[in-house]
Amino acid sequence: MTRNLLLVDDEEGIRTVLGISLADRGYSVVTAANGEEALERFRSEKPPIVLTDIKMPGIDGIELLKRIKAIEPDTEVIMITGHGDLDLAIRSIQLEATDFVTKPIHDAVLDIALGRAEERIRMRRQLQEYTRNLERLVQEKSQRIVELERLTAVDQAMAGLAQAMRDIATDIGEPLRYFNEMPCFVSVHDKHLQVVAANELYQRRLGKSVGDASWTGYVGPHADPSQCPVALTFRIGSGQREKSEMALAEGGSTPVIVHTAPIRNRDGALELVLEIAADISEVKRLQDELDTTQQRYRQLFEEAPCYITVQNRSFEIVAANRRFHADFGDPAERRCFAAYKGRSEPCPNCPVQETFRDGKPHQTEMVVTSRKGEQLILLVGTAAIVNSAGEIHQVMELAANITEIRNLQDHLSKLGLLLSTVSHGVKGMLTALDGGIYRISSGLRRQDMDLVQEGLADVEQVSNRIRNTVLDILFYAKEREIEPEWVDVMHVLLDVVQLVEPKMAGHPLQSRWDFDPSVGTAWIDRNALRTALLAILENAVEACLEDSAKPKHTIRFSALRQGEEILFEVEDDGIGMDPEVLDHIFSLFYSSKGKRGTGLGLFIARKIVQQHRGTIHVRSEKGKGTTFVITIPIGRTREDRTP
């Protein structure tokens, strides 16, 4: 299906090339060269997806995003950024942009962003469809209930009419004229148990007329002269209400509810009896239909793939489906804000409150907590439930769980941040690599071996940085499990020292390697543990090099065996960390080194330690240094500890 898309960029070349690529994906592309033109096109075309550059003259991408969301909040807006626009890209996500892609735009990245936008549009459409179906079902149910109540109220209506007829004693012809329009069998009987008057429906459907016996219209016990409702009324002197059956003129019978009322003359003597019989076969049919409708409604209500609640004006949950009960427990007339969020007062911008106010459906997105303590992200929609008077009686709330979708979006956003960060880091490393190569070339031309050595040192340093960055990214991307085996721990320690010592050479750094010879063997993944320890040691080197307040620094790396564990410590007297930095050092993509770090090293180190069922703790003080303490179990079971 072709979908409209608005492409906004002040560069004509990008509009042309990207427009062709989007058209190949099946989009009908409308373009604009600036923010003002984009707003005009958006108001006229109303495209569901907008792809816009962030930096443009006049109205920039951020301002355009705000204005589009003000006009149509459901529009999916994808931002196009340059490598230096990361802060603006993050701000656009905070302003409810769907995603951002960086220039130059790669097809795979663009497909992911467009796929996310299409998925959000599809989810909204599905939720709206659920809402419409339930609104229609609720409306049909309400109409059926009203109709059933109207029909079952015939009993009371007939009794009231009979009461009104009790004062009629002489002239019965004129009042019966009005009964010809009634959808009931109406007749008047004398004390001889004969029909003296009847409405048209009585005569046509039952085939009875004036002069017939009162009991001959019945089937069953009431067909007896002494047991028919009219005879009982004359004998007892008061009105009767009976369930019975009456024979039809075309054959067969129909169930009825019979009301009788005595009609007395001016002297108070019982002279006539009014009989009104309501055909209840239609009521039964409607009752069966109502039962079927209720069953279908209940099945849809219970099996819908979302949380459904019905709330009153006090926000009490008066009904909830099975899925709500499973994840949030029995509401027991709890208020929705307490069930979803444990709050003591209504949530700000509550969609249920808005629907009670204006009767219209409303949508929002909110974070709730299940009874298991899980944080869930819900896309919520509401619909009004009205009574027979057209008043809003209750509100139905439907909430679709979009936690996995949002987690995927967060993961993709983090991946975008990683790619942007790595791109900047690699660009800087390539620039440094060019500088090293230039020094080597210049040294060779001048026969200056010192300059050549400086260039080689630069190339080696940059090569190690690129290697470490690539290894970190590969480890994060693979999400691999460790492959443990029995390993001599001392060999791992010596490997780590051999790799880190070149990074310390030429700097005022002193090393202290304190390795207990009895560390022995352990059930570990040699390469993974080496990666973790090397990341922590490199972090110590960087911390010392950043501290220019001290003339020299010391890094201590120790390992010893304690019972069934091996204890590693990495201690430095470098720049140290304040509590805020210390709280985030193991967070994904967090780095205090700016463009020189990817934010993956310590994150991966902790993950490796945890995969070995170990622990890692950090102590640090600003200006005084940092200590990492790592413990790794020697083996999984006692049998494992025998190589």
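Along the sequence shown, residues are numbered consecutively beginning with 1.
A 4.5 Å side-chain heavy-atom check between Ile632 and Val609 finds at least one atom pair inside the cut-off. In this structure, the side chains of Ile536 and Ile616 come closer than 4.5 Å at one or more pairs of heavy atoms. Between Glu460 and Ser463, every side-chain heavy-atom pair lies at or beyond the 4.5 Å cut-off. Taking the side chain as every heavy atom from C-beta outward, Ile93 and Met79 never approach each other to under 4.5 Å. Residues Asn349 and Thr364 are not in side-chain contact: their nearest non-hydrogen atoms beyond the backbone lie 4.5 Å or more apart. Side-chain contact check for Leu51 versus Val8: every heavy-atom pair is 4.5 Å or farther apart. Residues Ile555 and Arg512 fail the side-chain proximity criterion, which asks for heavy atoms closer than 4.5 Å. Using a 4.5 Å heavy-atom threshold, the side chains of Arg120 and Thr98 count as touching.
A salt bridge does not link Lys622 with Asp578: every distance from a Lys NZ or Arg NE/NH1/NH2 to an Asp or Glu carboxylate oxygen is 4.0 Å or more.
Listed by chain and residue number, Phe557 satisfy the ring pair (Phe, Tyr, Trp, His ring centres under 6.0 Å) test with Phe515 (two or more places apart in sequence, or in another chain). Residues passing the ring pair (Phe, Tyr, Trp, His ring centres under 6.0 Å) test with Tyr307, sequence neighbours excluded: Phe328. Applying the side-chain contact (heavy atoms from CB on, under 4.5 Å) criterion to Arg439, with sequence neighbours excluded, gives Leu451, Glu454, Asp458. Shown here are the side-chain contact (heavy atoms from CB on, under 4.5 Å) partners of Gln447, two or more places apart in sequence or in another chain: there are none. For Ser92, there are no side chain to side chain donor-acceptor pair (under 3.5 Å) partners at least two apart in sequence or on another chain. Listed by chain and number, the residues in a salt bridge (charged side-chain N to carboxylate O under 4.0 Å, His left out) with Asp111 are Arg25 (sequence neighbours excluded). Residues passing the side chain to side chain donor-acceptor pair (under 3.5 Å) test with Gln498, sequence neighbours excluded: none. Residues forming a side-chain contact (heavy atoms from CB on, under 4.5 Å) with Pro305 (at least two apart in sequence, or on another chain): Tyr130, Arg323. Shown here are the side chain to side chain donor-acceptor pair (under 3.5 Å) partners of Arg526, two or more places apart in sequence or in another chain: there are none. With sequence neighbours excluded, no residue forms a side chain to side chain donor-acceptor pair (under 3.5 Å) with Glu565. Residues satisfying the salt bridge (charged side-chain N to carboxylate O under 4.0 Å, His left out) criterion with Glu621, sequence neighbours excluded, are Lys624. For the side-chain contact (heavy atoms from CB on, under 4.5 Å) test, residues two or more places apart in sequence or in another chain that qualify with Asp60 are Ile62, Glu63.
Annotation: the span from Met504 atom CE to Leu537 atom CG amounts to 8.5 Å, rounded to 0.5 Å. Between the CD atom of Glu483 and the CD atom of Gln611 there is a distance of 10.5 Å, given to the nearest 0.5 Å.
Shown here for Val570 and Ala540, the closest heavy-atom pair between the two residues is CG1-CB, 4.1 Å. Considering every non-hydrogen atom in both Asp516 and Met490, the closest pair reads O-CE, 3.7 Å. Ile566 and Ala522 make their closest contact through CD1-CB, 3.9 Å (heavy atoms, listed as atom of the first residue, atom of the second, distance).
The backbone N or O of Gln94 sits nowhere less than 3.5 Å from a side-chain atom of Arg91 that would complete a donor-acceptor pair. Side-chain atoms of His612 come within 3.5 Å of backbone atoms of Asp525 as a donor-acceptor pair (strictly under, hydrogens ignored). When atom types are taken as modelled, the side chain of Ser620 and the backbone of Gly625 share a donor-acceptor pair closer than 3.5 angstrom. The backbone N or O of Glu345 lies less than 3.5 Å from a partner atom in the side chain of Arg343, making a donor-acceptor pair. Counting only distance, with no hydrogens or angles, the side chain of Thr521 and the backbone of Asp488 share no donor-acceptor pair below 3.5 Å. A donor-acceptor distance shorter than 3.5 angstrom exists from the side chain of Ser370 to the backbone of Glu374, with no hydrogens or angles considered. Judged by distance alone, with hydrogens and angles left aside, the side-chain atoms of Lys550 form no donor-acceptor pair with the main-chain N or O of Cys544 at under 3.5 Å. Although no hydrogens or angles enter the test, the distance criterion places no donor-acceptor pair under 3.5 Å between the side chain of Asn401 and the main chain of Leu378.
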Exercise for review: Determine, stepwise, if the pair Lys55 / Asp53 fulfils salt bridge (charged side-chain N to carboxylate O under 4.0 Å, His left out).
Suggested key: CA-CA 6 Å; Lys55 289 190 175 180; Asp53 194 7; over 6 Å; no
Check your understanding: So Arg122 and Glu119, salt bridge (charged side-chain N to carboxylate O under 4.0 Å, His left out) or not? Walk me through it.
Key -> CA-CA 5 Å; Arg122 186 189 67 79; Glu119 176 65 15; 2.7 Å; yes
Exercise for review: Go through Leu114 and Ile78 one step at a time and tell me if the side chain to side chain contact (heavy atoms under 4.5 Å, CB included) criterion holds.
Suggested key: CA-CA 8 Å; Leu114 291 172; Ile78 302 172; 3.9 Å; yes
Exercise for review: For side chain to side chain contact (heavy atoms under 4.5 Å, CB included), just list the numbers for Ile317 and Arg335, CA-CA rounded to whole Å, side-chain angles, deciding distance to a tenth of an Å, and then say yes or no.
Suggested key: CA-CA 6 Å; Ile317 300 175; Arg335 288 180 168 84; over 6 Å; no
Review point. Does the pair Ile630 and Leu567 meet the rule for a side chain to side chain contact (heavy atoms under 4.5 Å, CB included), with working shown?
Key: CA-CA 6 Å; Ile630 305 103; Leu567 176 67; over 6 Å; no
Exercise for review: Assess whether side-chain hydrogen bond (donor to acceptor under 3.5 Å, both in side chains) is satisfied between Asp547 and His553, documenting all intermediate values.
Suggested key: CA-CA 9 Å; Asp547 186 9; His553 296 82; 3.3 Å; yes
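Tested against Arg124 for a salt bridge (charged side-chain N to carboxylate O under 4.0 Å, His left out), the candidates Glu118, Glu129, Glu76, Glu365 yield a single pass: Glu76. A side-chain contact (heavy atoms from CB on, under 4.5 Å) with Lys103 holds for exactly one of Ile54, Asp9, Thr81; it is Asp9. For the side-chain contact (heavy atoms from CB on, under 4.5 Å) with Pro48, the lone residue among Thr75, Leu5, Ile121 that qualifies is Ile121.
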